[in-house]
Q: 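Mind having a look at this structure? Questions to follow.
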Amino acid sequence: QVQLAESGGGLVQPGGSLRLSCVASGGTRSSYTMGWFRQAPGKEREFVAAIRRRGGYTYYADSVKGRFTISRGNAETTVFLQMNNLIPEDTAVYYCVFDNSLILSSVRVAKDYDYWGQGTQVTVSS
């Protein structure tokens with residue numbers, strides 16, 4: 001059973017930056033995919049970004065491309081989401097996700113991830 005621990009959410013003004021962190025522990029394998037989804041009030045949960053352990057390939061939603069960067073930490077199963085030039089539309093609960101054997105076509109599909117964090121609130125407001 002994999003546990004995910006997220007941190008780094010908060011309140012920031014438009015144009016500001018935040019960095020989210022997620023650490024996975026227990027039952028992880030070397031072929032994992034980690035990423036982030038978000039859900040704003042009254043909206044569907046949506047894909048934000050993901051990174052695959054093998055090859056380090058990264059994937060982004062069009063709405064965050066060029067502003068957000070996903071990366072792995074020095075620890076094997078740590079992932080960061082650096083969020084720059086934040087806009088009010090980025091306000092949401094951000095969830096870290098993890099899967100040990102996700103196929104490429106499922107990277108942007110929420111239901112295909114086996115493990116989810118508890119979520120961290122990001123609010124962009126002046």
Side-chain angles (χ1 to χ4, degrees):
Q1 190 75 2
V2 175
Q3 292 83 42
L4 301 175
E6 303 146 326
S7 60
L11 173 64
V12 64
Q13 292 186 342
S17 298
L18 281 175
R19 189 174 83 156
L20 305 183
S21 302
C22 180
V23 179
S25 60
T28 62
R29 298 200 294 265
S30 62
S31 59
Y32 66 80
T33 300
M34 289 184 76
W36 298 88
F37 283 74
R38 67 186 182 186
Q39 188 166 22
K43 293 189 176 181
E44 296 283 322
R45 193 168 291 188
E46 65 172 351
F47 171 77
V48 176
I51 185 166
R52 291 170 73 86
R53 169 63 179 84
R54 287 182 176 170
Y57 298 107
T58 58
Y59 308 87
Y60 296 95
D62 288 343
S63 59
V64 306
K65 203 172 292 183
R67 301 187 298 121
F68 291 11
T69 302
I70 190 169
S71 61
R72 282 173 31 218
N74 291 331
E76 183 63 20
T77 51
T78 299
V79 66
F80 301 106
L81 184 68
Q82 178 67 43
M83 305 185 293
N84 297 329
N85 195 20
L86 284 159
I87 59 178
E89 290 75 17
D90 294 319
T91 296
V93 177
Y94 284 69
Y95 297 91
C96 179
V97 294
F98 182 99
D99 196 280
N100 270 315
S101 56
L102 198 70
I103 61 175
L104 181 57
S105 61
S106 292
V107 166
R108 293 178 171 82
V109 181
K111 67 178 180 62
D112 288 345
Y113 283 86
D114 285 341
Y115 301 100
W116 289 70
Q118 80 284 359
T120 185
Q121 177 70 46
V122 171
T123 302
V124 184
S125 175
S126 54

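Reckoned from all heavy atoms, side chains included, excluding hydrogens, waters and symmetry mates.
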Q: Given Met34, which of Leu81, Leu102, Val23, Val79 fulfils the side chain to side chain contact (heavy atoms under 4.5 Å, CB included) condition?
A: Val79
Q: Closest heavy-atom contact between Ser31 and Arg53?
A: C-CB, 4.4 Å
Q: Would a hydrophobic clustering, with Ile, Leu, Val, Met, Phe, Trp and Tyr connected at side-chain separations under 4.5 Å, put Val107 with Val64?
A: no
Q: Specify the closest pair of heavy atoms between Cys96 and Leu4, including all atoms of both residues, with the distance to one decimal.
A: O-CD1, 3.5 Å
Q: Find the distance between CD (Gln82) and CG (Leu18) and round it off to the nearest 0.5 Å.
A: 8.5 Å
Q: Might you point out which heavy atoms bring Ser17 and Asn84 nearest each other, and give the distance in Å?
A: OG-OD1, 2.9 Å
Q: Is the shortest heavy-atom distance from the side chain of Asn100 to the side chain of Asp114 under 4.5 Å?
A: no
Q: Does Arg52 make a cation-pi contact with Tyr57, if we ask for NZ or CZ under 6.0 Å from the ring centre and within 45° of the axis?
A: no
Q: Less than 4.5 Å apart, any side-chain heavy atom of Val122 and any of Arg38?
A: no
Q: So Met83 and Val12, side-chain contact (heavy atoms from CB on, under 4.5 Å) or not? Walk me through it.
A: CA-CA 11 Å; Met83 305 185 293; Val12 64; over 6 Å; no
Q: First locate atom NZ of Lys65, then atom OG1 of Thr58, and finally report the distance between them rounded to the nearest 0.5 Å.
A: 9.5 Å
Q: Counting distance only, does the side-chain N/O of Thr91 pair as donor-acceptor with the main-chain N or O of Val124 below 3.5 Å?
A: yes
Q: Tyr95 side chain to Thr120 main-chain N or O, any donor-acceptor pair under 3.5 Å?
A: no
Q: How long is the gap from SG on Cys22 to CD1 on Ile70, to the nearest 0.5 Å?
A: 9.0 Å
Q: What closest approach, in Å, do Asp112 and Ser106 show between heavy atoms, and which atom pair accounts for it?
A: OD2-OG, 2.7 Å
Q: Counting only N and O atoms by type, is there a donor-acceptor contact under 3.5 Å from the side chain of Arg108 to the main-chain atoms of Phe47?
A: no
Q: Heavy atoms only: give me the nearest Tyr113-Thr33 pair and the separation to one decimal.
A: OH-CG2, 3.7 Å
Q: Would a 4.5 Å heavy-atom cut-off, applied to side chains only, mark Ile51 and Trp36 as touching?
A: no
Q: Centres of the Phe98 and Tyr32 rings: under 6.0 Å?
A: yes
Q: Under the 3.5 angstrom rule, does the side chain of Gln39 hit a backbone N or O of Val93 as a donor-acceptor pair?
A: no
Q: Given the rule that I, L, V, M, F, W and Y join up when any side-chain heavy atoms are under 4.5 Å apart, are Phe80 and Phe37 in one cluster?
A: no
Q: Between Glu6 and Leu20, is there a donor-acceptor pair closer than 3.5 Å when you use the side chain of the first and the backbone of the second?
A: no
Q: If you look at every heavy atom in Ser125 and Pro14, which pair is closest and at what distance?
A: C-CD, 3.6 Å
Q: Using the rule given for side-chain contact (heavy atoms from CB on, under 4.5 Å), can you reason through Leu86 versus Phe68, listing the C-alpha separation, both sets of side-chain angles and the distance that settles it, and then say yes or no?
A: CA-CA 9 Å; Leu86 284 159; Phe68 291 11; 3.8 Å; yes
Q: Can you confirm whether Glu44 is buried at CD, in the sense that more than 12 heavy atoms of other residues, nucleotides or ligands lie under 6.0 Å from that atom?
A: no
Q: Any donor and acceptor pair, going by atom type alone, linking the side chain of Gln3 with main-chain N or O of Gln1 inside 3.5 Å?
A: yes
